[in-house]
Amino acid sequence: MKNHLVITVIADDRPGIVERLAEIITSHQGNWLESSLSRLAGKFAGIVSITLADDQLAVLQAAFKQLAKEGIRITTEVAAETTSDTLPITGTPLLLTLTGNDRPGIVQEISARLARLKVNVEELQTYCESAPMTGELLFNLRASLTLPATLARNQVQDSLEDLSNDLVVEIEDQEY
């Protein structure tokens, strides 16, 4: 039987981290399925989804613990078998882009509105950049969303635009 694992990794950023992780997964006959890896504030962080035979799980986890000596911290979670509870959420897939003046709490405000509307956030990316004319920080968000069948995209847009008059909100269709 195969295990489906979700792995998180964090380390001080430097060349070779992905190679070490891939080397260990491969040497234990694991199959790298999906990943999202990034450099954030001088750290390398990411999540990886793999499959692995039952008899390799304990030895793989032991090998990951050894990476701590190299400054690479890894955690693993065995994912649930696919059931009706773990199947992807159905609904309307949309892409949200949002720009506004940066301020503490902006992600919480946006995510609270989406949660209240029962919108599922599938993927989220944020970054800040200097505004062209003023040099003040602009907050940028890009997210893949799934709207419930009972919710229209204009309801999401109106709710997010209602947070602040400086937010530019765009919602468009997204193909999976």
Side-chain angles (χ1 to χ4, degrees), residues 5-22 25 32-50 64 67-68 70-77 79 86 88-176:
L5 296 179
V6 176
I7 300 163
T8 60
V9 58
I10 190 162
D12 290 334
D13 190 36
R14 65 179 183 279
I17 296 170
V18 174
E19 188 272 337
R20 285 293 287 136
L21 186 59
I25 291 167
W32 187 303
L33 300 173
E34 298 178 84
S35 61
S36 179
L37 308 163
S38 299
R39 182 181 193 275
L40 301 167
K43 296 288 183 184
F44 177 81
I47 54 174
V48 181
S49 169
I50 71 168
F64 282 160
L67 285 178
E70 299 174 37
I72 303 170
R73 293 174 306 285
I74 294 180
T75 60
T76 60
E77 290 287 329
T86 60
I89 294 173
T90 59
T92 306
L94 296 176
L95 178 64
L96 165 68
T97 55
L98 181 146
T99 303
N101 294 324
D102 186 44
R103 63 183 181 277
I106 192 167
V107 173
Q108 189 278 325
E109 293 170 7
I110 295 165
S111 61
R113 290 285 171 107
L114 295 174
R116 247 182 270 137
L117 294 169
K118 305 288 189 235
V119 173
N120 192 50
V121 178
E122 302 280 339
E123 188 173 339
L124 174 72
Q125 299 170 344
T126 63
Y127 65 94
C128 291
E129 65 182 347
S130 294
M133 301 297 266
T134 65
E136 292 186 36
L137 278 183
L138 285 178
F139 174 80
N140 293 275
L141 177 143
R142 182 178 171 95
S144 295
L145 308 175
T146 303
L147 272 59
T150 59
L151 186 66
R153 81 171 65 190
N154 68 318
Q155 291 174 282
V156 176
Q157 185 153 1
D158 291 347
S159 181
L160 292 173
E161 287 176 343
D162 190 46
L163 286 171
S164 174
N165 63 1
D166 72 323
L167 292 180
V168 176
V169 178
E170 295 180 19
I171 299 176
E172 56 192 64
D173 290 331
Q174 178 171 305
E175 296 292 325
Y176 282 110

Looking only at heavy atoms, the pair that brings L160 and L167 closest together is O-CD1, 3.4 Å
In a table with atom names and distances, give each donor-acceptor pair under 3.5 Å that connects a side chain of residues 126-138 to protein atoms at least two apart or in another chain.
| residue | atom | partner | partner atom | Å |
| --- | --- | --- | --- | --- |
| E129 | OE2 | N140 | ND2 | 3.4 |
| T134 | OG1 | E136 | N | 3.2 |

Those residues at least two apart in sequence (or on a different chain) that pass side chain to side chain contact (heavy atoms under 4.5 Å, CB included) with T75 are T8
Between Q155 and T150, what is the shortest heavy-atom contact and its length?
OE1-O, 4.1 Å
Mind listing the side-chain donor-acceptor pairs of residues 106-117 below 3.5 Å, one per line with the distance, residues two or more places apart or on another chain?
| residue | atom | partner | partner atom | Å |
| --- | --- | --- | --- | --- |
| E109 | OE1 | R103 | NH2 | 2.7 |
| S111 | OG | V107 | O | 2.9 |
| S111 | OG | Q108 | O | 3.2 |
| R113 | NH1 | S159 | O | 2.6 |

Can you name the residues that form a salt bridge (charged side-chain N to carboxylate O under 4.0 Å, His left out) with R142, not counting sequence neighbours?
none
Given T146, which of Q174, E122, K118 fulfils the side-chain hydrogen bond (donor to acceptor under 3.5 Å, both in side chains) condition?
E122
How many angstroms lie between atom CG of L37 and atom CD1 of I17, to the nearest 0.5 angstrom?
10.0 Å
Residues at least two apart in sequence or cross-chain that pass side chain to side chain contact (heavy atoms under 4.5 Å, CB included) with A41, listed by chain then number, are none
Heavy-atom distance under 4.5 Å between the side chains of F44 and I72, does that happen here?
no
Starting from the C-alpha separation in whole Å, work towards a yes-or-no answer on side chain to side chain contact (heavy atoms under 4.5 Å, CB included) for I171 and L145.
CA-CA 10 Å; I171 299 176; L145 308 175; 5.7 Å; no
My understanding is that only residues two or more places apart in sequence, or in another chain, count here; which of them pass salt bridge (charged side-chain N to carboxylate O under 4.0 Å, His left out) with E161?
none
Evaluate whether atom CD of E34 has more than 12 neighbouring non-hydrogen atoms of other residues, nucleotides or ligands under 6.0 angstrom away.
no
Among L124, T97, V169, which one satisfies side chain to side chain contact (heavy atoms under 4.5 Å, CB included) with L141?
L124
Show, in sequence, the C-alpha distance, side-chain angles and deciding distance for L94 and V156, and conclude whether the side chain to side chain contact (heavy atoms under 4.5 Å, CB included) test is met.
CA-CA 11 Å; L94 296 176; V156 176; 5.9 Å; no
Those residues that, when tested against S35, pass side chain to side chain donor-acceptor pair (under 3.5 Å) (two or more places apart):
W32
K43 meets the salt bridge (charged side-chain N to carboxylate O under 4.0 Å, His left out) criterion, sequence neighbours left out, with D12
State which residues pass side chain to side chain donor-acceptor pair (under 3.5 Å) with R153; sequence neighbours excluded, sorted by chain then number.
D173
Taken in chain and number order and not counting sequence neighbours, the residues that satisfy side chain to side chain donor-acceptor pair (under 3.5 Å) with S49 are H4
Please step through side chain to side chain contact (heavy atoms under 4.5 Å, CB included) for the pair V9 and F64, ending with a clear verdict.
CA-CA 10 Å; V9 58; F64 282 160; over 6 Å; no
Pairing residues for E123 by the side chain to side chain contact (heavy atoms under 4.5 Å, CB included) criterion, not counting sequence neighbours
Q125, S144
Euclidean distance, R73 CZ relative to I10 CD1, rounded to 0.5 Å
5.5 Å
Heavy-atom distance under 4.5 Å between the side chains of V121 and L96, does that happen here?
no
Name all residues meeting the salt bridge (charged side-chain N to carboxylate O under 4.0 Å, His left out) criterion together with D13; count only those two or more places apart in sequence or in a different chain, and write none if there are none.
R39
More than 12 heavy atoms of other groups within 6.0 Å of E77 CD:
no
